Amino acid sequence: MGYFRVRKSVLDGKVSISGAKNSALPILAASLLTNEDIIIDNVPDLLDVQTMLCILRESGRNVKFENAKVHISGEVVNSEISYELVRRMRASFNVLGPLSAVLGQAKVALPGGCAIGVRPVDFHIEGLKKLGFEIRIEHGEVFSKFIKKEKEVILSLPFPSVGATEHLMTTAAILDGVTVIENAAMEPEILDLQDFLNKMGAKVKGAGTSKIVIEGVSKLKGVNHRVIPDRIEAGTYAIAIAASGGKGYIENVIPEHLDALWEVLKDTGTKIEINENRVYIDGSNEKNSTKVNVLPYPGFPTDLQPQIMVYLSISKGTSTITENVFKNRFLHVDELVRMGANIYITNGTAIIKGVKKLSGAKVEGTDLRASAALIIAGLVADGVTEVYNDQHVLRGYEKIVEKIKGLNGNIEHLG
Ligand code: EPZ
């Protein structure tokens with residue numbers, strides 16, 4: 001396993017944002033709903049995307065991936081996905097519904113937990129049962145068999161789960177009758193998935209609101225689709241530029257996808273200029289403290305919580321971050337404290353007392369966004385920081401070394 005060696009840098013210049021990992025993954029899962037050819041463009045070359053492509057190949061589809069374009073052809077014939085692939089990435093679980101809808105039955109390993117907490121899939125399973133699937137769980141695997149769907153099904157999600165919304169909306173697209181998902185997640189990636197499904201001939205409406213209505217159709221066709229830009233990658237670089245006291249442009253982004261972040265950055269003294277598909281960040285002012293409430297979209301995204309924590313750890317005064325999506329998503333705190341941050345956690349809220357500076361250290365990356373936050377901390381800290389467990393970052397940040405170097409950042413990927 002490799003690591004990133006990072007030194008204090010004042011970022012400036014520009015960075016171009018790649019396609020959204022969390023949009024590409026559900027769209028690739030939905031590509032199982034047809035045997036016709038599909039081309040998906042603006043797909044980031046990441047470990048998680050490669051895992052999903054392996055799953056599509058295991059299902060029988062031929063898959064080519066070059067220059068950000070995925071070409072999918074051939075027939076879906078295999079209904080069993082190996083544990084090894086699901087173990088690597090929990091989003092793999094979202095192929096269970098589409099596979100069992102097109103083949104009549106499927107078997108996928110039950111995903112485990114991860115560093116950001118227990119990651120249950122009970123909303124997915126309860127929803128599939130209401131859609132007419134018989135579900136059996138044994139030996140850590142989920143068997144799903146399609147029996148019969150009622151003409152009208154209403155699925156009320158206990159929490160606006162992104163994955164459950166995507167999984168159930170995708171599966172319902174080719175099941176006869178009407179399906180209504182209430183308390184649906186409203187993330188931009190769900191709107192992108194709806195666009196993809198409707199291009200295939202599905203009849204889905206309401207994505208981006210808390211109520212999605214799907215009218216099942218019997219057959220879906222092949223399409224071309226371009227994935228939206230990655231708002232979390234964009235937010236990560238915006239925070240990095242601001243935290244480093246630098247100035248720079250984030251390009252190929254949809255600014256309105258990050259309104260909650262722009263508000264926090266502006267409230268704390270960072271200047272933001274929004275143009276059509278690029279945003280200028282000027283973090284040269286001293287930062288003030290604020291309160292951040294992490295919520296489902298359009299609230300402040302949990303996937304930027306570790307990163308904004310680094311920015312607030314060197315802001316004047318005391319800030320708080322309340323995590324309302326993944327209660328225990330604080331494994332990065334201990335590592336930041338080792339770098340001189342003054343942070344403690346009480347009842348799902350981080351209390352952050354701003355310090356003048358951070359000091360470089362050897363630190364452990366525990367998950368994708370925590371590792372990105374530690375790299376930002378290394379750009380801010382005096383001295384050298386080494387962020388271990390590089391595989392986490394490689395799962396979600398395409399060409400991160402080139403992009404940070406392109407912003408005048410001092411980073412190497414070693415080991
Ligand atoms: C998606 O995960 C994202 N992953 C996550 O990004 C993101 O953090 C999360 O949504 C929230 O925005 C992808 O899109 C591939 P959830 P997901 O279902 O779908 C609970 C990253 O860094 N829950 O919205 O797994 C769950 O425990 C990753 O790119 C249940 O209880 O998240 C959590 O507390 C990390 N039962 C809350 O709902 C269920 O069946 C929200 O989870 C499902 C979820």
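Computed over heavy atoms, backbone and side chain alike; hydrogens, waters and symmetry mates excluded. Counting starts at 1 for both ligands and their atoms, in listed order. Predicted model, so just to flag it, every value in this text is computed and none were measured.
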**OP:** May I ask you to check if ligand 1 and T302 share an N or O to N or O distance below 3.5 Å?
**Re:** no
Subject >> Residue part near ligand 1, for K21, under 4.0 Å between non-hydrogen atoms >> reply: side chain
Subject >> Salt bridge K405-E402, side-chain N to carboxylate O under 4.0 Å >> reply: no
Original post:
Who's the nearest protein heavy-atom neighbour of atom 19 (O) of ligand 1, and how far?
Top reply: G163 N, 2.7 Å
Original post:
Going through the distances and angles, do K211 and I181 end up as a side-chain contact (heavy atoms from CB on, under 4.5 Å)?
Top reply: CA-CA 6 Å; K211 180 175 177 180; I181 303 177; over 6 Å; no
**OP:** Provide the number and element of each atom of ligand 1 under 4.0 Å from a heavy atom of V121.
**Re:** 39 (C), 40 (O)
Original post:
Which bit of V325 is near ligand 1, meaning a heavy atom under 4.0 Å away: side chain, backbone, both or neither?
Top reply: both
Original post:
Q305: heavy atom below 4.0 Å from ligand 1, yes or no?
Top reply: no
**OP:** Taking the side chain as every heavy atom from C-beta outward, state whether H413 and L394 have any pair of such atoms under 4.5 Å apart.
**Re:** yes
Subject >> Residue portion contacting ligand 1 (non-hydrogen atoms closer than 4.0 Å) for R90 >> reply: side chain
Original post:
If you measure from each non-hydrogen atom of H124 to ligand 1, which part falls under 4.0 Å: side chain, backbone, both or neither?
Top reply: both
Subject >> Options N324, I232, V162, ranked by nearest heavy atom to atom 10 (O) of ligand 1, top entry >> reply: V162
Original post:
Tell me: protein heavy atom nearest atom 36 (N) of ligand 1, and distance?
Top reply: D122 OD1, 2.6 Å
Original post:
Backbone N or O of E412 within a donor-acceptor pair of the R5 side chain at under 3.5 Å?
Top reply: no
**OP:** Out of K327, R119, H392, E233, indicate the one that has the non-hydrogen atom closest to atom 17 (P) of ligand 1.
**Re:** R119
Original post:
Does some side-chain heavy atom of P298 sit less than 4.5 Å from a side-chain heavy atom of M186?
Top reply: yes
Subject >> Evaluation steps, side-chain contact (heavy atoms from CB on, under 4.5 Å), between L265 and I308 >> reply: CA-CA 9 Å; L265 292 178; I308 203 70; 4.0 Å; yes
Subject >> Under 4.0 Å to a heavy atom of D303 - the qualifying atoms of ligand 1, by number >> reply: 5 (C), 6 (O), 7 (C), 8 (O), 21 (C), 22 (O), 28 (C), 29 (O), 35 (C)
**OP:** Determine which pairs satisfy side-chain hydrogen bond (donor to acceptor under 3.5 Å, both in side chains) with at least one residue from residues 161-170, sequence neighbours left out, and list them in order.
**Re:** H124-H167
Original post:
Just which atoms of ligand 1 are under 4.0 Å from any heavy atom in R329?
Top reply: 8 (O), 22 (O), 35 (C)
Subject >> Mode of F159 contact toward ligand 1 - side chain, backbone, both, neither (heavy atoms, under 4.0 Å) >> reply: side chain
Original post:
Among all residues two or more places apart in sequence or in another chain, which pass the side-chain contact (heavy atoms from CB on, under 4.5 Å) test with P160?
Top reply: N183, A185, P296
Subject >> Contact check: F326 vs ligand 1, nitrogen or oxygen atoms, below 3.5 angstrom >> reply: no
**OP:** Look at the side chain of K14 and the backbone N and O of G406, then say whether any donor-acceptor pair between them is shorter than 3.5 Å.
**Re:** no
Subject >> Close side-chain approach of R57 to N62, heavy-atom, < 4.5 Å >> reply: no
Original post:
Hey, is E134 close enough to K145 for a salt bridge, meaning N to O under 4.0 Å?
Top reply: no
Original post:
Do E187 and ligand 1 have an N or O pair less than 3.5 Å apart?
Top reply: no
Original post:
How far is atom 18 (O) of ligand 1 from its nearest protein heavy atom, and which residue and atom is that?
Top reply: S161 OG, 2.7 Å
Original post:
Got an N/O contact under 3.5 Å between F123 and ligand 1?
Top reply: yes
Original post:
So is there a nitrogen or oxygen of A164 less than 3.5 Å from a nitrogen or oxygen in ligand 1?
Top reply: no
Original post:
Which residue and non-hydrogen atom of the protein lie closest to atom 15 (C) of ligand 1, and at what distance in Å?
Top reply: N22 OD1, 3.3 Å
**OP:** May I ask whether P120 places a heavy atom under 4.0 Å from ligand 1?
**Re:** yes
Original post:
Does one side chain, of Y388 or S371, offer a donor that lies under 3.5 Å from an acceptor on the other?
Top reply: no
Original post:
Does ligand 1 have an atom that lies less than 4.0 angstrom from a heavy atom of M89?
Top reply: no
Original post:
Is there a side-chain contact between V393 and F4 (heavy atoms, below 4.5 Å)?
Top reply: yes
Subject >> Part of L368 within contact of ligand 1 (heavy atoms, under 4.0 Å) >> reply: side chain
Original post:
Which residue owns the protein heavy atom closest to atom 22 (O) of ligand 1, what's the atom, and how far is it?
Top reply: R369 NE, 2.8 Å
Original post:
Quick one: are N408 and V10 in side-chain contact, heavy atoms under 4.5 Å?
Top reply: no
